[in-house]
Number of protein chains: 2
Amino acid sequence: MNILLVEDDAVLADGLVYTLSKSGYSVTCATTGVYAEHLMLAQDFDLIVLDLGLPDMDGLTLLRQLRRRKVSMPILILTARDGINDRIQGIEQGADDYMTKPFELRELEARIHALIRRCYAGFHNDIVIGRLALNTRDHQILADGQDMMLSPREYAVLEILLLQAGKVVCKERLAQRLSTEGDALADNAIEVYIHRVRKRIEPYGAVIRTLRGLGYLLETADA
Amino acid sequence: MNILLVEDDAVLADGLVYTLSKSGYSVTCATTGVYAEHLMLAQDFDLIVLDLGLPDMDGLTLLRQLRRRKVSMPILILTARDGINDRIQGIEQGADDYMTKPFELRELEARIHALIRRCYAGFHNDIVIGRLALNTRDHQILADGQDMMLSPREYAVLEILLLQAGKVVCKERLAQRLSTEGDALADNAIEVYIHRVRKRIEPYGAVIRTLRGLGYLLETADA
DNA sequence: GTGGCATTGAAAGGTTGTTGAAAGGTTGTG
DNA sequence: CACAACCTTTCAACAACCTTTCAATGCCAC
C-alpha cells in the first residue's frame, strides 16, 4: 500500500515516514506541492496525506486540482488550521478526512487504515481460470472481463466447477447444489446443464472434462 | 438518502433530525441499540450516525455486531468519549469517522457528505450517467442540468440506481427502500416503478437493464 | 370544505427467458 | 456384443418480468 505524504516540516515528515513504514505502508514524502504532483505522475499511490501549509502553494489548491483531474484516491488533510470553516472547506473540496495538529500518531494511523479499508475492500475476483473469472461477491462470472449473463442454474454449475477447478466434482454434488428443496435433480438434468455450460465457455478456452463414473472437471483447453 | 441516527438524547436527536432533514436527507431516529437493529431489518439505510452511550448496550458492541454481519454501510460515531483510545477503538472496530461532542453541526454535515461521496460516488459531488446527474449535496436529479421533477417514489428508485450505478440492485433492496413501515412492497409495484422511471430516463441516454432473478442495473445507453 | 390533479399500487393479461423431462444418439467398458 | 454412462436436441410447463388500466388516496389551490 503506497502512501504519498505531502509535508514540508522535515521533523514531522521523518516521524511519519518512520511510523507508517513500521506499520507496513510504503511511504514517499514530498516537501512541496510541485514535487508532489511530479511524484504522482511517476508513481501510483493509494492514499495521500496532505499538509495544507506548503511553501510553494496552498494545499487546498492542490486538492482542488487533483479532484478536478478526477484523481479519486482517498486524501486525508493534516494541518494546523483548526478553524471550523477550514475543516468544512477542506472536506467539501474533496478531502475524505481532516485532522488538526497536534494529533496522535495512532489516531492518524487508524484513520488511514479506515480509509483504505473503505476504499479498497473486496475488489478482487475470487478465481481466474484462463479467460474466465469468478466473482462470488457480485454473483457473476466474467469472460474476457465481460459478464457472461448466465442463468441462475448455469451460474451455479459453473461456480462449483470454478471453485474446484482442476478437481473432480461428482454428479451428486452438482445435483445437490441445483436442487431447490432437498429432492435432488435427475442425472439427466445435470447432463443438460453441463452441456449448456460447455457451449458457453468453449469460446473462452475452458473445457469441462468428463471422468466417466466419477464426475466432471474444469480445466483450460490447452492443458 | 436514508440516514439512521442512533442517539438517546432527545434534544440532540431532534436537532439533528431537523437539520439533516432540511438538507434533504431522510432521517430516522432510534433511541436504543435494540430498536436500531430492529429498524435496520425493516428498512434500508445508506449511513448510520451512532452515539456510543446508549441506554441498553454499548455502541461499540452494536458497531462490532454490524461489521461482523458484513453490514458495510458507512458509520460515523458521534460521542462524548474523546479519549484517544476511544477514538482509535471506534475506528479500528469499523467506524468510518469519529466526532466528539460538542461538535459543529456544519462539520458533521460536511463529514456525512464526504462519506456518502466516497462510498457511493467515487469521490465526486455528482454521479453522472449519460445526461443524468445526481447531486449528492442538494439531493437533486438533473437531466441536461434541469430538475427532472420526479415523484417521491420515482426519485427514490432512481437515486438508489444512480448511487449503485453499474452494480446490480436487487428487488428486495428497492422494496425495502420504498416501503415506509416494514411491510415491503409487492414485486409488481416495483416493476411498475421501474417501468415509469425507464420512460423518464430513456430520452437522456440512460438505461435500466434487467438481470433476471437478480435485479436491475443502471448504465448508459450505448454500453 | 371542495374540486382538480398528481401519486400510488393492486389487478390482469401479455411477453420472454428458464427449467428439466423425454427420447434417441454416442461413447466407453467388460 | 451388451450394457451403462453420457451427450444432444426438443419442447411444454413454468416463473420472472413487462405493460396498461384503474380505483383509491393524498395534496393543493380556491
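Predicted, not measured: the structure shown is a model, and the values here were computed from it. Just so we're on the same page: letters track the sequence lines, and every chain starts at 1. All values below come from the heavy atoms of this structure, side chains included, with hydrogens, waters and symmetry mates left out.
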Atom-pair distance ([atom1] on [X]; [atom2] on [N]), nearest Å:
{"X": "I190(B)", "N": "dT19(D)", "atom1": "CD1", "atom2": "C1'", "value": "16 Å"}
{"X": "I194(B)", "N": "dA16(D)", "atom1": "CD1", "atom2": "P", "value": "17 Å"}
{"X": "I208(B)", "N": "dC17(D)", "atom1": "CD1", "atom2": "P", "value": "14 Å"}
{"X": "M148(A)", "N": "dT18(C)", "atom1": "CE", "atom2": "C1'", "value": "16 Å"}
{"X": "R198(A)", "N": "dC7(D)", "atom1": "CZ", "atom2": "C1'", "value": "8 Å"}
{"X": "H195(B)", "N": "dG13(C)", "atom1": "NE2", "atom2": "P", "value": "18 Å"}
{"X": "K199(A)", "N": "dC7(D)", "atom1": "NZ", "atom2": "P", "value": "14 Å"}
{"X": "D187(A)", "N": "dG20(C)", "atom1": "CG", "atom2": "P", "value": "14 Å"}

Subject >> Main-chain N/O of Q146(A) paired to D144(A) side chain as donor or acceptor, under 3.5 Å >> reply: no
**OP:** Identify the residue among V169(B), I201(B), I129(B), L132(B) that makes a side-chain contact (heavy atoms from CB on, under 4.5 Å) with L161(B).
**Re:** V169(B)
Subject >> Sugar-phosphate or base contact per nucleotide [nucleotides 7-12 of chain C; S, B, -; heavy atom under 4.0 Å] >> reply: SBBBBB
Original post:
Along nucleotides 25-30 of chain C, 5' to 3', which nucleotides get a B, which get an S, and which get a -, given that the test is a protein heavy-atom distance under 4.0 Å?
Top reply: --BB--
To the nearest 0.5 angstrom, please state how far the [atom1] atom of [X] sits from the [atom2] atom of [Y].
{"X": "I84(A)", "Y": "R87(A)", "atom1": "CD1", "atom2": "CZ", "answer": "6.0 Å"}
{"X": "T79(A)", "Y": "Y98(A)", "atom1": "OG1", "atom2": "OH", "answer": "4.5 Å"}
{"X": "I190(A)", "Y": "Y216(A)", "atom1": "CD1", "atom2": "OH", "answer": "7.5 Å"}

Subject >> Sugar-phosphate, base or nothing in reach of Y155(B), heavy atoms under 4.0 Å >> reply: nothing
**OP:** For G215(B) and for G213(A), locate the closest nucleotide of DNA chain D by heavy-atom distance; then report the residue assigned to the nucleotide nearer the 5' terminus.
**Re:** G213(A)
**OP:** Please step through salt bridge (Lys or Arg N to Asp or Glu O under 4.0 Å) for the pair D126(B) and R67(A), ending with a clear verdict.
**Re:** CA-CA 12 Å; D126(B) 299 290; R67(A) 291 309 191 206; over 6 Å; no
Original post:
With respect to the phosphate group of dC17(D), does any side-chain polar atom (N or O) of K171(B) fall under 4.0 Å of OP1 or OP2?
Top reply: yes
**OP:** Give the intermediate values and the outcome of salt bridge (Lys or Arg N to Asp or Glu O under 4.0 Å) for residues D147(A) and K167(B).
**Re:** CA-CA 12 Å; D147(A) 190 345; K167(B) 288 182 196 154; over 6 Å; no
